[in-house]
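Data first, discussion second: the structure below is written as structure tokens.
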Amino acid sequence: LPDYISVFAQTPGGHVLVERQYKHGAGFVSMNLPAGMVEPGEDPLKAAQRELKEETGYVCDQWTSLGSFVGNGNYGCGKGHFFLAQNAVKVTDPDSGDLEEMEILLLTIEELLQALSSKKIAATGAVAAISLGYLALTGAIDPSSED
């Protein structure tokens, strides 16, 4: 599997950008965060910025890496790169090129955590990004620390 990104993007009012879309692998309509594959030779941050704008129409002026992790400690299977993006503002309509319909939601952190605990989020990458983003926002982790 190729490397991928997942973005915990927050508006100036504190809402998180969430996508609601049918996910065939999960077999149900799931909430997800903006995410996508890193193109060969592409910087993960540039991929995150590109995917956020394509999928949601939003851009952010403050980006923080939440770390990069392999999907399987024994086999690798593509590395996930996670980002916290703050001050998200809509600049255009989404243009993801996906064949499936997608609804963009603005959820409070409490609503997002409720969706997570209610198992309305199917993708591991989204679960990781939500967890890391929440921990960074609450000060439980310091994303700038490399230890």
Side-chain angles (χ1 to χ4, degrees), residues 1-89 94 96-98 100 102-147:
L1 297 173
D3 285 5
Y4 67 93
I5 58 86
S6 188
V7 181
F8 186 105
Q10 195 174 38
T11 67
H15 289 89
V16 181
L17 295 173
V18 177
E19 301 168 353
R20 186 173 182 275
Q21 180 180 38
Y22 177 77
K23 293 296 184 184
H24 186 68
F28 65 92
V29 175
S30 174
M31 291 185 193
N32 198 23
L33 295 184
M37 298 301 162
V38 178
E39 299 294 332
E42 186 178 27
D43 176 71
L45 174 59
K46 296 295 182 196
Q49 293 168 334
R50 173 180 52 76
E51 288 287 351
L52 179 67
K53 187 175 180 184
E54 285 176 3
E55 292 185 4
T56 69
Y58 282 74
V59 297
C60 294
D61 65 5
Q62 186 177 345
W63 289 82
T64 304
S65 173
L66 297 171
S68 299
F69 305 89
V70 294
N72 181 302
N74 290 324
Y75 299 103
C77 299
K79 186 180 283 187
H81 304 274
F82 303 96
F83 294 93
L84 171 63
Q86 294 174 283
N87 300 319
V89 293
S96 68
D98 284 347
E100 301 170 9
M102 183 183 340
E103 180 183 9
I104 305 299
L105 307 173
L106 295 173
L107 300 183
T108 65
I109 291 177
E110 292 77 17
E111 290 169 330
L112 183 59
L113 294 176
Q114 177 60 39
L116 182 63
S117 67
S118 300
K119 310 219 180 348
K120 293 181 180 175
I121 300 170
T124 304
V127 171
I130 291 165
S131 301
L132 291 166
Y134 177 74
L135 291 171
L137 288 173
T138 61
I141 63 169
D142 179 3
S144 65
S145 172
E146 298 206 11
D147 293 335

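For reference, positions follow the sequence shown, starting with 1. All of these numbers come straight from a predicted model, not from anything done at the bench.
Between the CG atom of Leu45 and the NE2 atom of His81 there is a distance of 11.0 Å, given to the nearest 0.5 Å. Atom-to-atom distance recorded for Glu19:CD and Met31:CE is 12.0 Å, nearest 0.5 angstrom. Expressed to the nearest 0.5 Å, how far OG1 of Thr64 lies from CG of Leu84 amounts to 5.0 Å.
Ile5 is not listed as a side-chain neighbour of Leu52, based on a closest heavy-atom distance of 4.5 Å or more. Proximity of Phe83 to Ser6: side-chain heavy atoms (C-beta onward) are nowhere separated by under 4.5 Å. Under the 4.5 Å side-chain criterion, counting only non-hydrogen atoms from C-beta, Val89 is not in contact with Thr11. Using a 4.5 Å cut-off on side-chain heavy atoms (C-beta onward), Glu55 and Leu17 make no contact. Taking 4.5 Å as the limit, some side-chain heavy atom of Leu112 sits within range of a side-chain heavy atom of Phe8. The shortest distance between side-chain heavy atoms of Leu107 and His15 does not fall below 4.5 Å. The closest side-chain heavy-atom distance from Pro12 to Asn87 is below 4.5 Å. Counting heavy atoms from C-beta on, the side chains of Gln21 and Asn32 never come closer than 4.5 Å.
Between Phe82 and Tyr4, the two ring planes are perpendicular [angle over 60°; tilted spans 30° to 60°].
Evaluation of the salt bridge (Lys or Arg N to Asp or Glu O under 4.0 Å) rule for Glu110 yields no partner, not counting sequence neighbours.
Side chain of Ser30 to main chain of Lys23: no donor-acceptor pair is present (N/O by atom type, distance under 3.5 Å, no hydrogens or angles). Remark: side-chain polar atoms of Ser117 are paired, donor with acceptor, to backbone N or O of Gln114 under 3.5 angstrom.
With a 6.0 Å radius and a threshold of 12 heavy atoms from other residues, nucleotides or ligands, Phe28 has its CZ atom above the threshold. Residue Arg50 places its CZ atom among more than 12 non-hydrogen atoms of other residues, nucleotides or ligands, all under 6.0 Å distant.
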